Structure formats: C-alpha cells, structure tokens
Amino acid sequence: MQNHVGIERSREAQKQQTIKIRPKWHMTVLHIVYYLIMVVFLVFYMLPFWGTVMTSFKTNSEVMTSTPITPPTEWTLEGYSDAMEELGVPLMTSLVVTIFGAAGSVFLGSICAYSLSKWKFKLNNVFFVALVAATYLPFQAILIPLLQTINTLDLYDNVWGLVLVHSVFGMPMCTVMMRGYYADVPDALVKQAMIDGNGMWAIYRKIVLPNTMIATITTFVFQCTSIWNEMLFALVLGGYDSKPATIALNELAGTMAAEFNVQMAGSLILALPVLILYIFMGKYLISGQMSGAVTAS
C-alpha cells in the first residue's frame, strides 16, 4: 500500500515538473517563419554575388542597358578573356607571394609558439604580450620606416621583398593562434623525449609538429587568405615587376571608362583560388575550430 501511494505521488510530481509541450501546429508555424527569415537573408546575402556572376558573362554594351541581376541575353566569355590578359602575370606573382609568405610566417610563428609554450624563460609572458600587441598594430603606422628598410635591402619592387614582409608581419598572429595548441601537448611527452636524449629541435620535429598538424594547416590557410587578399603592402612596396593580382584588379577600373563585365570577371577569377583552397582544406579548418572549442571549454 505504501509503495502504491509512493508511486502515485511520484507521478503527480512528474506531471507538475513536466514542461508543457506546445501543439504541433504551433511548432510548424514557427519553423515556417524561421525558414522564411533565413531565405530572405540568404537572398539578400547572395544577391550581389549573383549580380557579379551575371555581369561577368555579359558584353560591355549589354551591361550598360540592363540591370546587374538579370541574366545575359547572349552569354559570352569576353570579360574573362580580357581579364586574364591583365591578370595572368599578377596572378602568378600573388601565388608565389602567398605560398612562400604564408609558409614563412607559419614557420616563424610555429617556432615562437613552441618556445613560448614548452621552453619557459624569464620574460616569457612579457614577450607573448608584446606579440599580442603587435597583432593590433596598424600597418599604416610603420609604412615609411618599412619602405626605407626595404629600399636599404634593395628589395623594393621585388617579389621576395613582399614575401619577407608578409613572413615577418604575419608571424605574431601565427604565434598567437598556435601557442594554445602547443600548450596542450602533454609535458610528459616532452620530458620523456628529453630523457631519451632528444634535443629541443628533435622534440619539435618528432613530438610537437606531428601532434599539432591540424593547427598548422588551419593557420596556413588563414595566412594564405590574408596574404592573397592583401593590398596595402603590395601597393606601397611593389611596383610593375612585382604587382600582385589585387593591384592589377584595381587597375581594371580604368580612368575614363569602366568595363564592368571585365571587372566582375576579374573579381571572380581572383576569388577562385581561395574558394578552391577552402573546398579542399575545409575539413581541416572545421577540425581546428572544434579542437579550439574543446580546448577553450
């Protein structure tokens, strides 16, 4: 009898604590509203991209007589061929600067992050704070002394001058991004490697790098995107011989008349390498972000 009364009381307590479930029709209406809002924002977000694509396949005369979002009456690749004539060499320059600049900055940042996380020294935290502060330094504030330095090194209007600049000025951000991942490598592995007779560089190559490969790839992709779209250093430190694609695309605007189909085609061509990079490296970026989320928790 007491058990029966206890069961009844527990049922009543569960009924009181149970949250009232809304009717199915109410949830269906909310879902419809949510989806409609998302569709509206998606259309608003994708409309400029749609206009860019449609304009790139139009002739220059049709661009002047139609709206950007209307499909072309006569599809043509004239804009792409004209854009490639101007962007061919600058695209190769941007490719060289991006690959080597990103590799250099990631390598320097990796070394700094390894030193700051696994080999403590007296001013460890002070040095890290200085690196963090360097990531917020506006590049416009150091352009004049930087230009003088590049001139002294005889690297003005030189592809390798831009590579050097991107490697050095990308290093603080890479250090900040990678230090947290390196700190998560167990110290026990480092100590065991030291007992086995491995030095600092051997531990870096055999222990730290293999266990933080996702962080390295994530940082590399981030740097590639940043350098590929960069324009300030290229404008100030580069000239005709080292002109990257961002500067060449800006010059497509012209001075007297603008061929919008060529400009839109050039914009899509310039965006294509970054898009391909994210398609093939997207899984590593997601893994890196999820790993960071787990670390932060």
Side-chain angles (χ1 to χ4, degrees), residues 48-49 52-53 55-56 77 79-110 135 138-140 142-143 146-147 149-151 153-174 177 216-255 258-282 284-285:
F49 178 73
T52 300
V53 175
T55 302
S56 67
L77 296 175
Y80 288 91
S81 61
D82 293 343
M84 280 304 300
E85 290 181 3
E86 300 293 333
L87 296 178
V89 176
L91 280 172
M92 293 304 299
T93 301
S94 290
L95 188 63
V96 172
V97 173
T98 299
I99 292 177
F100 286 96
S105 60
V106 170
F107 175 73
L108 294 175
S110 175
T135 61
F139 292 148
Q140 293 85 348
I142 46 89
L143 279 180
L146 178 61
L147 179 59
T149 304
I150 292 297
N151 274 327
L153 297 175
D154 196 22
L155 290 176
Y156 179 76
D157 194 12
N158 190 305
V159 172
W160 300 111
L162 291 175
V163 170
L164 175 63
V165 169
H166 285 298
S167 298
V168 173
F169 284 92
M171 182 266 292
M173 179 58 72
C174 293
M177 293 179 65
T216 303
I217 296 175
T218 302
T219 307
F220 181 78
V221 173
F222 173 82
Q223 280 299 105
C224 283
T225 306
S226 177
I227 296 174
W228 182 266
N229 295 322
E230 197 277 330
M231 194 172 177
L232 180 62
F233 288 148
L235 183 64
V236 176
L237 304 177
Y240 183 81
D241 294 333
S242 60
K243 178 172 58 179
T246 50
I247 303 300
L249 178 63
N250 184 65
E251 292 177 353
L252 288 179
T255 55
E259 296 182 353
F260 292 106
N261 58 334
V262 179
Q263 294 179 33
M264 298 302 103
S267 300
L268 293 175
I269 292 173
L270 188 61
L272 185 61
V274 177
L275 179 62
I276 294 175
L277 181 66
Y278 273 88
I279 289 175
F280 286 99
M281 297 294 182
Y284 296 105
L285 290 174

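This is a predicted model, so every value here is computed, not measured.
The backbone N or O of A102 lies less than 3.5 Å from a partner atom in the side chain of S105, making a donor-acceptor pair. T55 places no side-chain N or O within 3.5 Å of a backbone atom of T52 that could act as its donor or acceptor partner. When atom types are taken as modelled, the side chain of E230 and the backbone of L232 share a donor-acceptor pair closer than 3.5 angstrom.
Tested against M231, the residues L249, V236, N250 include a single side chain to side chain contact (heavy atoms under 4.5 Å, CB included) partner, N250.
At least one side-chain heavy atom of F233 sits under 4.5 Å from a side-chain heavy atom of L146. You'll find the side chain of H166 stays beyond 4.5 Å of the side chain of F100, heavy atoms only. Side-chain contact between V96 and M92 is absent, with no heavy-atom pair separated by less than 4.5 Å. Contact of the E251 side chain with the K243 side chain is registered, since non-hydrogen atoms from C-beta on lie closer than 4.5 Å. Side-chain contact between V97 and W228 is absent, with no heavy-atom pair separated by less than 4.5 Å. Within the 4.5 Å cutoff, the side chain of L153 has heavy atoms near those of the L164 side chain. N261 places none of its side-chain heavy atoms less than 4.5 Å from the side chain of S56. The side-chain heavy atoms of L155 and N158, taken from C-beta on, include a pair separated by under 4.5 Å.
Remark: the D157 side chain and the S242 side chain contain an N/O donor-acceptor pair separated by less than 3.5 Å.
Here the CD1 atom belonging to I227 is positioned 10.0 Å from the CZ atom belonging to F222, to the nearest 0.5 angstrom. Here the CG-CD1 distance, from L252 to I247, works out to 11.5 Å after rounding to the nearest 0.5 Å. In this structure, L91 CG and L270 CG are separated by 6.5 Å, a value rounded to the nearest 0.5 Å. Going from atom OG of S81 over to atom CD of E86 covers 11.0 Å, rounded to the nearest 0.5 Å. A distance of 7.0 Å separates OG1 of T218 from CE of M177, quoted to the nearest 0.5 Å. Put simply, CG on L108 and CZ on F169 are 12.5 Å apart, with the number rounded to the nearest 0.5 Å.
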- Message: Between L143 and L147, is the side chain to side chain contact (heavy atoms under 4.5 Å, CB included) condition met? List the steps.
- Response: CA-CA 6 Å; L143 279 180; L147 179 59; over 6 Å; no

- Message: Would C224 and L277 count as a side chain to side chain contact (heavy atoms under 4.5 Å, CB included) here? Give the steps.
- Response: CA-CA 9 Å; C224 283; L277 181 66; 3.7 Å; yes

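Atom OH of Y156 has more than 12 neighbouring heavy atoms from other residues, nucleotides or ligands inside a 6.0 Å radius.
Shown here for C174 and G109, the closest heavy-atom pair between the two residues is CB-CA, 4.0 Å. Summarising the geometry of A83 relative to I269, their closest heavy-atom pair is CB-CD1, 4.2 Å, with the distance given to 0.1 Å. Residues G101 and S167 approach most closely at O-OG, 3.6 Å, considering heavy atoms.
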